[in-house]
Amino acid sequence: MEYKDPMFELLSSLEQIVFKHDVSQQNITLNQKPNPFSEFEQLRKGTGLKNDDFARVMGVSVAMVHEWESKRVKPSPTELKLLRLLQANPRLSKQLME
């Protein structure tokens with residue numbers, strides 16, 4: 001039996017709601033695997049948050065953010081999904097910081 005991370009499943013569902021992928025977009029996504037480091041960098045910059053605020057919103061330490069930025073540690077698929085949602089809805093990051 002395959003284990004499915006409930007947080008990953010939840011974020012996947014939210015991502016589908018927020019982005020409302022059409023069929024052609026899904027085909028592109030399935031055929032091309034983005035580099036998690038470059039996607040992280042692009043999404044991270046898109047949030048406009050400082051490192052400490054960004055770490056708090058992501059639920060990780062500032063040291064982990066530095067590890068991601070230095071490309072020593074790859075963000076998980078769940079973390080990338082959360083980043084996509086934060087970039088799509090900046091108000092969400094403000095709510096998570098409260």
- Quick one: which of Val60, Val62, Val65 gives a side-chain contact (heavy atoms from CB on, under 4.5 Å) with Phe54?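 For Phe54, the side-chain contact (heavy atoms from CB on, under 4.5 Å) check succeeds only for Val65.
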- State which residues pass salt bridge (Lys or Arg N to Asp or Glu O under 4.0 Å) with Lys50; sequence neighbours excluded, sorted by chain then number.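 Salt bridge (Lys or Arg N to Asp or Glu O under 4.0 Å) list for Lys50, sorted by chain: empty.
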- Query: Got a sec, which residues hit side-chain hydrogen bond (donor to acceptor under 3.5 Å, both in side chains) with Ser76, two or more places apart in sequence or on another chain?
  - Reply: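 By the side-chain hydrogen bond (donor to acceptor under 3.5 Å, both in side chains) rule, Ser76 matches Glu79.
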- Looking only at heavy atoms, which two atoms of Val57 and Leu86 are closest? And how far apart?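 Scanning both residues completely, I find the closest heavy atoms to be CG1-CD1, 3.4 Å.
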- Which pair of heavy atoms, one from Leu83 and one from Phe40, lies closest together, and at what distance?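 Minimum heavy-atom separation between Leu83 and Phe40: CD1-CD1, 3.3 Å.
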- Are any non-hydrogen side-chain atoms of Met58 and Met64 less than 4.5 angstrom apart?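 No, every pair of side-chain atoms sits at 4.5 Å or beyond.
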- Message: Quiz question: by atom type and distance under 3.5 Å, do the side chains of Arg44 and Asn51 form a donor-acceptor pair?
- Response: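 Yes, side-chain donor-acceptor contact under 3.5 Å.
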- Euclidean distance, His66 NE2 relative to Arg72 CZ, rounded to 0.5 Å: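 Result: 10.0 Å between the selected atoms.
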